[in-house]
There are 2 protein chains.
Amino acid sequence: MKTIEQLLDSKNIRVTAMRLLIYKFLAEKQVAVTLSDIENAFDKADRTTLYRTVKTFEESTIVHQIDDGTGITKYALCEKGCNCDIETDLHLHFHCNNCNETVCLTEHKIPQIKVPNGFISEDINLVVKGVCDKCSGL
Amino acid sequence: MKTIEQLLDSKNIRVTAMRLLIYKFLAEKQVAVTLSDIENAFDKADRTTLYRTVKTFEESTIVHQIDDGTGITKYALCEKGCNCDIETDLHLHFHCNNCNETVCLTEHKIPQIKVPNGFISEDINLVVKGVCDKCSGL
DNA sequence: TTATAAATGCACTTCCGTTGCATTGTATTT
DNA sequence: AAATACAATGCAACGGAAGTGCATTTATAA
């Protein structure tokens, strides 16, 4: 089990108090969060710092960006089974129209998508919208 | 073959010069357009008018909105084979990372996506990113 | 033709993402 | 340990896009 410090170190990211806090916050969350979510969790910190921290994490594939169609970029930790740096590892995201939360369904791989001749597929973004398990009551 | 006037009439949308122009503009385009694209095409018209016109078209399922991950909302006519009002009719969109254009691949239906128990799927947004046929040269 | 309601245009606001720059903090070298 | 170099942080501001309120114009109906 790696400590957060060791993880950041292995990615050549300087360990700071702020970054540890943000990482822990992301780790606690089970859903993808917006920059505003992080902002609200850390009143003292500046928006820019949070923004740049997340971007740093993103570049080092510690978090991945999610575009769930709400128009607001969300972020989630690349945890167990999510190797964002590997192109073929694509999982889908589920956006709940009720609670407005977006979760990563890492265990659900995206099926092969065929595109017409001449088109080259490099990346796939798949967002399923509906009602999540917590809201459906099923 | 319906005229545009007849189409708008059938959807209970008042026929105006502006709306006819915008419809024709969308019909000519083979790719999804942003509001700015429309804005640039009609210098005289106000952004708000264009915005509201597109929204009106959207509500009446004359155009459909596309979120291709660029962060900017795009719109495209619901033409032949695209029945946006029917939930099951979901086609995929292709976004070219080279020319930045987004096209509707209406003939390519989205495969059945399985979601975990408790989750209810209502809508699916699938965007494939890569290189389009015009840019690939294949 | 007049009354009614919708469409348009203008101004403005809000929100998110992003950048520049000064300042603080961390690490490294002597 | 002090000095240096560089990265991280905080503050301010910008820009683009979406959206709203209100006055005015235009179209439909009585």
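It should be emphasised that the depicted structure is a prediction, and the values quoted were computed from it without experimental measurement. The sequence lines fix the lettering, A, B, ..., with proteins before strands; numbering per chain opens at 1.
For the atom pair A:Lys74 NZ and A:Glu101 CD, the distance stands at 7.5 Å (nearest 0.5 Å).
Counting non-hydrogen atoms under 4.0 angstrom, B:Thr34 reaches nothing in the nucleic acid. Here A:Thr56 lies out of heavy-atom contact (under 4.0 Å) with every strand.
As a whole-Å value, the separation of A:Phe42 CZ from D:dT9 C1' is 15 Å. Between the P atom of D:dT20 and the CG atom of B:Leu50 lies a distance of 17 Å, rounded to the nearest Å. The interatomic distance linking B:Asp43 (CG) with C:dC10 (C1') rounds to 17 Å, in whole Å. Straight-line distance from the CE atom of B:Met18 to the P atom of D:dT26: 14 Å, rounded to whole Å.
A donor-acceptor pair under 3.5 Å links the side-chain atoms of A:Lys109 to the main chain of A:Thr106, judged by distance alone. The main-chain N or O of B:Gly118 is found under 3.5 Å from a side-chain atom of A:Ser136 such that the two form a donor-acceptor pair.
Looking at which nucleotide of DNA chain C each of A:Tyr51 and B:Thr53 is closest to, the 5′-most match is held by B:Thr53. In terms of position along DNA chain D, the nucleotide closest to B:Leu35 lies nearer the 5' end than the nucleotide closest to the other residue of the pair B:Arg14 and B:Leu35.
In terms of phosphate contacts, A:Ser36 brings a side-chain nitrogen or oxygen within less than 4.0 Å of OP1 or OP2 of C:dC16. For A:Lys55, no side-chain nitrogen or oxygen approaches OP1 or OP2 of C:dG17 to under 4.0 Å. Contact check, B:Thr73 against D:dA17: no side-chain N or O comes under 4.0 Å of OP1 or OP2. The side chain of B:Arg19 places an N or O atom within less than 4.0 Å of a non-bridging phosphate oxygen (OP1 or OP2) of C:dT8.
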Sequence neighbours left out, cut at 3.5 Å: what donor-acceptor pairs do the side chains of residues 31-40 of chain A make with other protein atoms?
unit_1	atom_1	unit_2	atom_2	d
A:Thr34	OG1	A:Ser36	N	3.3
A:Thr34	OG1	A:Asp37	N	3.0
A:Thr34	OG1	A:Asp37	OD1	3.4
A:Thr34	OG1	A:Asp37	OD2	3.2
A:Asp37	OD2	A:Thr34	N	2.9
A:Glu39	OE1	A:Arg47	NH1	3.3
A:Asn40	ND2	A:Ser36	O	3.2

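A perpendicular orientation is assigned to the rings of A:Phe25 and A:Phe42, their planes being inclined by more than 60° (bins at 30° and 60°).
When distances are taken from the side chain of B:Thr49 to each of D:dA18, C:dT18, C:dG9, the shortest belongs to C:dG9.
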Atom pairs, protein N/O to nucleotides 11-13 of chain D N/O, distance under 3.5 Å:
unit_1	atom_1	unit_2	atom_2	d
D:dC11	N4	A:Thr48	OG1	3.1
D:dA12	N6	A:Thr48	OG1	3.3

